[in-house]
Structures are given as structure tokens and as C-alpha cells.
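Written out below as C-alpha cells is the structure these notes cover.
Only a predicted model underlies this, so the values are computations on that prediction, with no experimental measurement involved.
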Amino acid sequence: MTSGTAALQERRYRILVTGYAISSYGTFLNVVALSLYVYAVTDRALAVGVFMAVRLAAGFVAGLASAAVLARWSPKGVMFWANVAQAAALLLLVLAPDGFRTGTLFAVSAVVGASGTLFMVTLRSSIPDMVGEGRHTWANSLMVSGRSMAMVAGFASSGVVVSLLGYTAAFLVDMATFLVCALTVLLLPMPMSPARGDEESDDEKGSQGGGQEGEGADGPGRRRVPAALVALGAVPVLGLMVALRGIDALGSSSHNAALPVYSTELDADNPAVFVSVFWCVWALGNVLVQQVLQRYTKRTGRSVGALGFGLGTIAMSGTFILAFAGLPWAATVLVALLAGAADGLTEVSYTSHLQTLPSPLRTHAFGFSATVENLGFGVGMIVVAAALDVFTPLSVVGVAHGAAIVLAMVYVARVLRGRGAQEAGEAQEAHEAQEAQEAVPASEAREGKQVEQGEQGKGESGAGPARGGHRDGAEVSGG
């Protein structure tokens, strides 16, 4: 790839990330505005819970269907129409008559949940095609930075927008952000319609596990389920990695639900202060760690990979537990900063690791991961909401994130064991090669050396990333 092509790819991707950050602002503004609007329309707290449940359920289904959707539509088309669908749903809500608003709200919840999941699965699985080899960590870091800043802006401005401008204005702002993101998708140098011949062929091969063995085991009529299983088995410890991501989502539900309760206990007159400060500092830590990751990757050519995901999960869960321990303000601010940094590390390392899969399997892996994450967060919200009526926020968050720490420790041990086995195997291969070399007569060794030197210039280009072991997630390639 020429430098000019790489620069163009980077510029187009930066534009897309800008659009994604803008739409993320709309998403987080959406979360607050729609939840408040559901309560205002129905006057029932249960309706708010059902609204969130519908959104998560739609995301769960979309995660399952994402591989099939991307097998028939191009990534550019899916991302474009996912944003257009969310904008259209919000416009429908604005135009809906009073008698139909409750039903429209739940339809909007389903559309937003499904479209948002489809967009994220498509974006994450398409990043390697957008930025090229060796740029995954940079691209993921940039994406997470944009979303983190958008989250703070969305949550911080939601109260002001709704209070001063009203719900209709908030929904129109949300709609505009999704349309802006759709426009940035159109600038991508990718076709809107898939080239069905090659893409379907590749997907079928990935769905069958790469050949006749997969077809013989499961048959041509059951390709989607085997493809998900093949994706989990294609990279060592990937199944455990996705399971940890699901438990991590359950932990996330615990601190999201417990923060308002804990903040009210700290200051009943101003309960929003602690929540606002915590999330702002969390986002700052998230953005700062992305800058560190980008410089580390640029300087070393390596990524934090699978081991970084496990260690980051342990650090993140530990800091979230400490956030509810009643520490002084200065210590709590530091904890929030570290929690954001660890959260950013896990997001980038996890996404980068899955992106090392071949394209068809990558789509299945991200789709299955989205399903597991939605399931973990949805179940967590139900269980945590009930537990907070009986137990303290610290105990609830401690149990949820404690489970993530335990599984993360098992995962780290598995990764380290796999790395040790890989290094032992490489050492054994080197020893055998040395013994074979010593067994060759000196004259043959000299002749072979001359031939090798004569071919070195022609084969030099092959000593790239495949030999260097610097691809994202290569740390566990032997595990």
C-alpha cells in the first residue's frame, strides 16, 4: 500500500469516526431524553423498564442476525441504513399523534436497539478493511475516544436540552446526529451493494469452518450456527474471552444502576453531582489511555492484545468496586480516572483481538459478542435492580464485578499458559533446527548458504508482520 493510499484511508476513517462520535452524542442524549419521555407519557416507572428491555432485546436479536445481514448487504449499506432507520424512527415519534405515542415509543426502542447493534457490529468487523494491516489498535483507539467524549457531552447536555428546548427539540437533535453519521458513511470508498459472488462464497466457506470438514459435520442447511462455533474456536481462548465480556457487561449494569442510588446517599439534595463528576473523570481516563495506546502501538508496532484485555478487566472491575467504598473525594476521582483508563484498555484490546479473524468469521464473532453483551447487561439490570432494594450499592457492585475478576483471573492464567506452551514449542523447533544444521556436512552447508544468500533478496518482502508476530492478539496464537 502506498503512503498516499494509506493517508486517504486514514482521512476517510477519521471523517467516519467524527460522524460516529456525533451520532454517539445523539445516542446518549437519546438514552436520557427517551427514558424521561416514556415516564412523562405513561406515568409509570414500569414502562421505563419495559422500554429498556425492548431496546436490549432488539439488540440481542440483531446481534444474532448480523452475520446473515452482512452476508447479503455491504458493510457500507448496513451502516448507512442503520443510521437512517434511527433518524426515521425519531421523526416518526415527533410526528405521531397523541393516541399513538406509547406504541410508537416502543417501536422506536426496538429500531434504535437493533440498528445501533447492527451498526457497531458492522463498524468493528469492517475496521481492518478500512485502515489496513497493523492499524487496528490506532483505529479502535480513535473510535473509543470519540465515543467517550460523546458520552460525556450527551449525558451532560441532556438535562439542559430537555429542560430548555423540550422533548421535540431533543428528538430532532438526535435525528440530525444520525443523519450526519449516515453522510460520513457515504464518503467511505466502499460499494453500497455487495459483490455477491465472491462475498457469498467467502461467507459460505467461513460458515462451514473452511472446507468439507465443517460441511460434513453440520450439513449445508445449518451453516450459521457452525460458523459462530468456528469463530469461537478459530482463535485460542476466544470463547472464554467472549464469556468474560458478557460477565463484564453484567458488572457494568451493576455500577450503572447503583450510581444514582449511591449518589443520592452521599448528597440527597444534589444527587446528580457525584454521577456527573464520576462519568466526566471516567471519560477523561478513557481518552488519556487511548493516547498512550496509540503512541505505544506506533513506537513498538505491537498491540496490548488478549493479555491486556484480561488484566484491564481485573483493573476495571476492581476500581469500580472501590468507587462505592466511601473513599474521600480525591481518592474517588483517582479511582474514576483509573476505571476509565482500564475500560478503554479492555475495549481496544478486545476489539483488536477479534479483528485478527478472517472476514467471514470476524462478522460472526462480533455478532455473537454483541448478543452476549446485550444478554449480560439486560439480565444484570433486572437482577441488580432487585438486589439494590435489599443490599447496599457496594455489596451489589462487589458481587457483580467480583465475578468478572474471578473469571478474568482464570482467563489470564489460560493466556499465560498458552504463551508458555508457544515459547516452549518455538524453543524446541529452534533446537531441532540447530541439530539438523550441525548434522549437515560442511561442504553442503556452505552450498546451502550460497543458495540462501542468492534467494534472500527475492524473499525479503515475506519477512513482514506474519514473521514478526506483531499482529493484534498474537500473544495467544499458540494458546
inquiry  = Closer than 3.5 angstrom, by distance alone: can the side chain of His401 be matched with the main-chain N or O of Gly251 as a donor-acceptor pair?
reply    = yes
message = With a 3.5 Å distance limit and no angle check, can you tell me whether Thr356 reaches the backbone of His353 through a side-chain donor-acceptor pair?
response = yes
inquiry  = If I take atom OG from residue Ser317 and atom CD1 from residue Ile314, how far apart are they, to the nearest 0.5 angstrom?
reply    = 8.5 Å
task = Look at the aromatic rings of Tyr13 and Trp138 and report parallel, tilted or perpendicular, splitting at 30° and 60°.
result = tilted
Identified side-chain hydrogen bond (donor to acceptor under 3.5 Å, both in side chains) partner of Asn140 from the options Gln355, Gln290, Arg124 = Gln355
query = Any side-chain heavy atom of Asn30 sitting closer than 4.5 Å to one from Gln86?
reply = no
query = Does NZ or CZ of Arg245 come closer than 6.0 Å to the centre of the six-membered ring of Tyr350, within 45° of the ring's axis?
reply = yes
request  = Evaluate the side-chain proximity of Phe377 to Leu250: yes if any heavy-atom separation is below 4.5 Å, no if none is.
outcome  = no
task = Check the side chains of Gln294 and Ser141 for a donor-acceptor pair under 3.5 angstrom, ignoring hydrogens and angles.
result = yes
note = Interatomic distance, CG@Leu259 vs CZ@Phe278, rounded to 0.5 Å, equals 5.5 Å
inquiry  = For Ala153, is there any backbone N or O sitting under 3.5 Å from a side-chain donor or acceptor partner on Tyr25?
reply    = no
note = dist Leu284:CG -> Trp279:CH2 (nearest 0.5 Å) comes out at 14.0 Å
message = Before we go on, tell me: are the rings of Trp81 and Phe119 under 6.0 Å apart, centre to centre?
response = no
